[in-house]
Amino acid sequence: MNQAELHRLVSAQLKQKNPEALFDLRLATNLSLIQQLFFSLYPEEQHSEAFRKLLNQLPKLFASRPASLKKQDLERLQAGNWYQSEKLMGMQLYVEHFNKDLKGLQQKIPYLKELGVNFLHIMPITTRPKGESDGGYAVNSYHEVDKKYGTKEDLLKLTSEFRKQGIFLMLDFVVNHTSNEFPWAKKAMKGDKKYQGYYYTFEDDVIPKEYEKTLPEVFPETSPGNFTYIPEMDKWVMTVFNSYQWDLNYTNPEVFMEMLANLVKMTNMGVDVVRFDALAFLWKKMGTISQNLPEAHNLIALFRMCLQVVAPGTILLAEAIVAPTDIVTYFGEGQKAGNECEVAYNASLMALLWNSIATKKTQLLYKSLTHVPPKPKDCTWINYIRCHDDIGLGYENNLIHELGWNPEMHRKFLLNYYCQRLDWSPAMGQVFMYNPKTGDGRITGSAASLLGLEKGLIQKDPVLIEQSIAKIIMLHGITFAFGGIPLIYAGDEIGTLNDYSYLKDKSKKEDSRWLNRPMQDWGVVSQLKNKELPQSKIFHTLQKLIRIRKENPVFADHNDLLLYHTGNDHILVFERSNDKRKGLLVVCNFDENPQVIETSWIKKLGYFAQGEPKDLVSGQKIKINSGLLEVLPFQMLWLKRA
Ligand code: GLC
């Protein structure tokens, strides 16, 4: 039983449901775990005073939580795993690209509602350096709203409106690093030893060079290496991402406690889900790649256990874009099972779907998904096909080998397919961060451009356009049905193409991720009534699929996904069925030709109990010829068991 469940049990037994009185009980429930985790990172012999300080800090943090949120915390706790509901539909957006600022966003709530979106990931909105800021992921503050977005009051108004309208909010907590303009970094630069100890700073490059022997590079083209020399303090500082993003030194317990206070302050603004940014990097150890280390997991669990005492209605999302078998570990393993992050990005599914589109085949998808250990029952995925970042090709080499392919050549093929190096490919993406030392590269581009809509429109090719629409719908449909919170990347619901304007901006032109960070096209939105436009077809079909998802509890995540092999390598079939009487069979064709599958096994599963099953997507009964079901190119069927 994980701690959240324990909290639910304990609070259910209380006669008096006074949110204020619950703090002591919550602390008592988590205290021994907090203690264990704390001393595992900060040995008791040196740090017993720091632990006392943490115990003093927790009631103060609780006192800072607004009464309305304390009440909501209690309701959430009692309601159970709200984040696994079929009623949730997410969208990720940049405020300034969507509708100017926070007030502008508030005005567009009706658009979100029309589509069916009720969960928003708003990209960073806090203060950041002028010029390059990694899209706001270099933070100057964890709670001051940058004026280009409006004021803190605007944010508070927005979150209160969201609560009224039943919209959940996810914000980033950039937990691994601050910008070089953050007050701690500024003090460190002035020579303040205390704040130099908040980061990994070194007198010379001897230790950095040792680290470099095993550390990979995140942005090899624009920010090679993992350390930056800072002349102001005549010291080297660890900068794993960009040179202006300084890695926080969590071996120092003061850093943990200050960051916990920042975290609570942020959640107090009305945040439902905290996106723990780049959390795989939280602990560094020489001689390792300094990702996914056991200490990083203990640190995340420590944040989680403390936040659960102060704000149990807020949950954590793991932004761990790492190997498939590593991602699931952020739900917590062993004693920590269910006690790290409740939600994680399903980056594996995302990357595998792009692999299946390029190869038109699904074997690697099947192999990889069955290879990953199951997630704990109270945890869920964020399923998505595109986001503001690149698409990394993080497949497991041994699985590619098992298919008889050469991993290096296979990755090269994918880069060629998506990045305009093959004449016949419909994709119009670009290479991101090619590393000549390793031959690795990643892919950028909007979903629609990667799936052929841009090329189809340029070439005025109706077949290509229709195929790209079908692919856009199929990939999104898979994320709606897979189990978890689907997250549409703003603009994809209207087939937005690549945005090349970043090439004209000095602070952006080196980072091709801006290719897939377009402005929301309200001109297109105003024409959605014209049902013939490709954009309308995408919008209205997704809108329909969202409605179907919300009407059918089988879409809720009950950890009930089953994969079925059909013998046809172009086909993906999975079933969602937590209850023998209600099931959903998802059938997709990744090939540009119609494909058939044998149906006797589908009958055995009970889908024909009342004649041929209906496909929820088209509203038609499926047709079987000689025992075979035909699936059209890039068609997705949602078959419902009566
Ligand atoms: C995450 C963000 C990415 C950013 C990085 C560093 O991976 O998604 O955009 O560059 O963290 O903060």
Side-chain angles (χ1 to χ4, degrees), residues 90 92-97 121-129 131-142 170-182 185 199 215-224 226 228 238-248 250 259 262 266 273-282 284 290-292 296 300 316-323 326-327 330 341 343-348 350-351 382 384-394 432-433 442-446 487 489-490 502 507-508 510-518:
Q92 173 191 2
L93 56 85
Y94 279 94
V95 173
E96 71 275 38
H97 291 183
H121 171 208
I122 295 183
M123 299 296 285
I125 49 174
T126 49
T127 49
R128 77 278 313 271
E132 275 183 71
S133 67
D134 193 15
Y137 283 97
V139 293
N140 284 2
S141 158
Y142 285 97
M170 175 157 97
L171 283 189
D172 280 277
F173 186 55
V174 186
V175 60
N176 178 66
H177 43 259
T178 73
S179 78
N180 57 353
E181 292 183 7
F182 195 84
Y199 300 96
L215 283 179
E217 292 173 305
V218 179
F219 296 135
E221 274 184 21
T222 48
S223 192
N226 290 278
T228 304
M238 185 181 266
T239 52
V240 167
F241 288 83
N242 287 294
S243 54
Y244 50 82
Q245 288 164 305
W246 291 18
D247 288 67
L248 287 164
Y250 280 100
M259 287 300 282
N262 282 328
M266 198 187 100
V273 184
V274 176
R275 180 185 183 275
F276 253 44
D277 181 65
L279 82 179
F281 296 80
L282 283 181
K284 278 78 177 179
S290 295
Q291 288 180 40
N292 311 315
I300 297 158
L316 303 184
L317 163 83
E319 196 256 341
I321 312 302
V322 291
D326 288 321
I327 295 181
Y330 288 92
C341 297
V343 194
Y345 277 113
N346 200 345
S348 318
M350 182 274 297
I382 282 214
Y384 66 113
I385 62 165
R386 281 308 280 120
C387 69
H388 67 295
D389 278 329
D390 48 289
I391 302 171
L393 308 177
F432 179 65
M433 294 294 153
R442 285 118 77 180
I443 297 159
T444 53
S446 79
L487 197 71
Y489 185 51
Y502 80 100
S507 70
K508 294 180 177 162
E510 303 299 337
D511 187 341
S512 73
R513 289 177 300 173
W514 291 100
L515 186 66
N516 45 264
R517 296 171 180 176

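Ligands are counted one by one from 1 in listed order, and the atoms in each one are counted from 1 as well.
For the atom pair M350 CE and R386 CZ, the distance stands at 7.0 Å (nearest 0.5 Å).
For the side chain to side chain contact (heavy atoms under 4.5 Å, CB included) test with Y142, the passing option among L171, T126, T178 is T178; the others fail.
In this structure, ligand 1 sits under 4.0 Å from heavy atoms belonging to D134, Y137, H177, F219, F241, Q245, R275, D277, E319, H388, D389, R513.
Evaluation of the ring pair (Phe, Tyr, Trp, His ring centres under 6.0 Å) rule for F276 yields F173, F303 as partners, not counting sequence neighbours. Judged as a ring pair (Phe, Tyr, Trp, His ring centres under 6.0 Å), and not counting sequence neighbours, Y489 has no contacts. D390 pairs by the salt bridge (charged side-chain N to carboxylate O under 4.0 Å, His left out) definition with R442, not counting sequence neighbours.
Ring geometry for Y137 against H388 counts as parallel: the plane angle stays under 30°, on a 0 to 90° scale with 60° as the upper cut.
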